[in-house]
There are 2 protein chains.
Amino acid sequence: MKLQQITKKKNVPSHRSYDDACGIAHALDLIGERWALLVMRELLLGPKRFSDLRESLPGISANVLTQRLEGLEQAGLLVKRKLPPPAASQVYELTQWGYESESIICDMGRWAARSPSHDPTLPVSPVSIILSMRTMFDATRTLGIDARVGFQFGYENFVARVLEEQLHISRAPVEGADAIFTGTARYLAAAIYGGVPLAALEKKGALTVAGDRTLAERYLTLFVLPPKVKPTG
Amino acid sequence: MKLQQITKKKNVPSHRSYDDACGIAHALDLIGERWALLVMRELLLGPKRFSDLRESLPGISANVLTQRLEGLEQAGLLVKRKLPPPAASQVYELTQWGYESESIICDMGRWAARSPSHDPTLPVSPVSIILSMRTMFDATRTLGIDARVGFQFGYENFVARVLEEQLHISRAPVEGADAIFTGTARYLAAAIYGGVPLAALEKKGALTVAGDRTLAERYLTLFVLPPKVKPTG
DNA sequence: CGGCATCCGGGAAGATACTG
DNA sequence: CAGTATCTTCCCGGATGCCG
């Protein structure tokens with residue numbers, strides 16, 4: 001049997017809609033499909049390439065990632081951009097409106113972290129742990145700190161600025177930071193939220209600290225998870 | 001209680017997980033499946049029965065609703081409760097933690113309402129329009145109002161209390177309210193957000209107003225949608 | 001190598017019918 | 001009213017391959 005000659009060249013995802021005027025339902029039409037919100041998460045701290053996204057989202061397959069990027073672009077949440085030569089590679093970048101979803105997405109994370117079934121020992125992406133710092137930061141613990149702390153997760157580098165009871169953290173080269181963590185996001189999470197002593201992680205070679213070690217230890221205490229809910233609600 | 005023997009008879013949801021320690025990913029493990037968040041939405045203003053939920057969520061099928069209710073109960077977000085006799089019917093009610101998702105869910109709705117592809121003329125459930133009032137309420141427009149406004153959507157009744165630049169709205173009998181709207185949520189939405197004149201809706205028999213008509217007209221102006229994003233982000 | 005399209009198996013969602 | 005059983009459809013996930 002001959003294929004339908006309709007071949008739109010682009011597959012029409014049919015976008016199963018809720019057909020509901022409620023803004024919440026529309027939000028799900030935009031970002032409710034599997035993986036969509038995690039793609040957004042990975043872009044919240046700046047543009048990424050296709051393969052960077054794949055690496056940060058273990059379990060997503062290439063075709064699904066393609067579909068999500070198409071959907072999010074069509075929704076107006078991100079744009080496909082070509083970097084100027086050299087390195088004329090393609091990146092995906094959130095629009096202004098896309099970036100404005102950050103507070104909602106992070107609030108969701110904070111809310112879900114109270115779940116009894118939440119397992120903080122699973123792997124995390126670099127972006128996840130950095131966003132968690134913005135989310136779980138406790139300003140009351142910063143008394144007197146004025147410092148820059150760097151993070152090196154492979155090619156993904158970030159710098160946190162702690163000053164006047166505020167935290168600003170974003171992508172930046174770590175050179176010149178007062179303390180620098182190097183390793184994987186997962187082990188840094190173990191140090192911050194898992195209560196694993198820094199010395200133990202260093203001994204394992206999982207995480208290394210350069211610069212002001214006392215500052216590094218202190219920095220780890222600035223973040224606290226919200227209290228768990230009782231299993232019986 | 002040999003739980004293990006149930007393995008073949010009961011459906012195993014398998015709960016396709018993201019296996020990611022990030023709170024955002026865990027949130028999606030909890031409420032990321034299709035329809036789950038809309039079930040939560042429908043329960044945000046109080047318990048509902050199975051068939052009430054079906055009626056409020058046109059398009060959901062009975063088996064999917066059953067699965068979502070099971071999943072949300074297992075997650076600790078709602079409990080299945082039997083009303084005391086008489087009317088010993090079964091209802092689903094959010095837990096404390098479940099109710100605490102309201103602000104996040106509503107923020108999502110406000111964020112998504114800015115979408116260029118949002119169509120406010122689609123049908124809405126009574127709960128949706130009431131939640132939208134909480135979300136889109138503009139306190140600066142209430143000068144001098146001290147009133148109770150009732151809403152009758154079939155068997156779902158609500159009362160809004162406007163006082164001192166605040167809005168409190170919840171399920172309650174409409175008796176004694178200064179103005180009472182009766183009709184469908186969809187037409188009330190057309191009056192509030194669609195700019196359709198109240199008189200036109202009354203003429204069609206889509207919406208009726210009892211009591212203080214001037215107050216009713218004024219009330220409709222208290223809610224404003226956020227500005228749309230430009231299609232090119 | 002990055003960015004897709006295509007084919008396929010398994011499983012979730014959708015629709016309908018049926019039961020206590 | 002409150003679901004269960006069954007069948008179909010379609011999405012997701014994995015593999016392969018094309019093409020610049």
Side-chain angles (χ1 to χ4, degrees), chain A residues 1 3-4 7-20 28-29 31-39 47-74 78-83 85-93 155, chain B residues 6 8-20 28-29 31-39 42 47-73 78 80-83 85-93 155:
Chain A
M1 163 160 88
L3 287 181
Q4 285 189 333
T7 70
K8 303 288 189 193
K9 176 175 183 272
K10 287 294 181 187
N11 63 349
V12 182
S14 81
H15 213 239
R16 202 156 40 174
S17 164
Y18 288 104
D19 285 321
D20 188 322
L28 295 174
D29 284 336
I31 54 171
E33 286 172 306
R34 191 160 168 78
W35 292 107
L37 203 66
L38 297 186
V39 172
K48 282 198 168 194
R49 293 175 302 176
F50 189 89
S51 32
D52 299 335
L53 289 168
R54 281 201 75 178
E55 194 178 335
S56 303
L57 298 170
I60 198 173
S61 57
N63 50 8
V64 170
L65 179 53
T66 300
Q67 289 173 29
R68 290 307 162 268
L69 290 170
E70 281 175 5
L72 293 173
E73 181 173 26
Q74 195 149 17
L78 61 79
V79 289
K80 198 188 281 194
R81 201 157 57 79
K82 226 176 190 61
L83 292 184
S89 80
Q90 190 158 249
V91 295
Y92 299 87
E93 180 168 27
Y155 61 88
Chain B
I6 309 174
K8 67 183 167 106
K9 171 69 173 157
K10 275 297 177 185
N11 59 351
V12 182
S14 84
H15 216 236
R16 199 159 44 172
S17 163
Y18 287 104
D19 285 322
D20 189 321
L28 296 175
D29 284 336
I31 54 170
E33 285 172 306
R34 192 160 165 80
W35 291 107
L37 203 67
L38 297 186
V39 172
E42 285 304 313
K48 282 200 168 192
R49 292 175 301 176
F50 190 90
S51 32
D52 298 335
L53 289 168
R54 281 200 75 178
E55 194 178 336
S56 302
L57 298 170
I60 198 172
S61 57
N63 49 8
V64 170
L65 179 54
T66 299
Q67 289 171 29
R68 289 306 160 270
L69 291 170
E70 282 174 3
L72 293 173
E73 182 173 26
L78 60 78
K80 196 189 280 195
R81 201 158 58 78
K82 224 171 192 63
L83 291 183
S89 80
Q90 191 158 245
V91 295
Y92 297 88
E93 179 168 28
Y155 61 87

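Below, chain A is the first sequence line, B the second, and so on; all start at residue 1.
Counting only heavy atoms from C-beta outward, the side chains of B:Leu69 and B:Leu53 approach each other to under 4.5 Å.
In this structure, NZ on A:Lys80 lies 5.0 Å from CD on A:Gln90, to the nearest 0.5 angstrom. If you take CD1 on B:Ile60 and OH on A:Tyr18, they are separated by 8.5 Å, rounding to the nearest 0.5 Å.
In this structure, the CZ atom of B:Arg49 is 14 Å from the C1' atom of D:dG3, given to the nearest Å. Residue A:Leu69 contributes atom CG, which lies 11 Å from atom C1' of C:dC4 at whole-angstrom precision. Nucleotide D:dC12 holds its P atom 13 Å from the CG atom of B:Leu28, rounded to whole Å. In this structure, CD of A:Glu70 is placed 9 Å from C1' of C:dC4, rounded to the nearest angstrom. One atom, CG of A:Leu65, and another, P of C:dC1, lie 18 Å apart when rounded to the nearest Å.
The side chain of A:Ser51 places an N or O atom within less than 4.0 Å of a non-bridging phosphate oxygen (OP1 or OP2) of C:dG2. One finds no side-chain N or O of A:Lys82 lying less than 4.0 angstrom from the OP1 or OP2 phosphate oxygen of C:dG3.
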How would DNA chain D look in dot-bracket form, 5' to 3', counting Watson-Crick and G-U wobble pairs with both distances under 3.5 Å and writing | for bases paired to another strand?
||||||||||||||||||.|
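Using a 4.0 Å heavy-atom cutoff across all strands shown, A:Phe50 reaches sugar-phosphate atoms only and no base atom.
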Under 4.0 Å protein heavy-atom contact, by nucleotide of nucleotides 13-19 of chain C - B base, S sugar-phosphate only
SBB----
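For residues 51-63 of chain A, every residue pair satisfying the salt bridge (Lys or Arg N to Asp or Glu O under 4.0 Å) rule, not counting sequence neighbours, is listed here: A:Arg49-A:Asp52.
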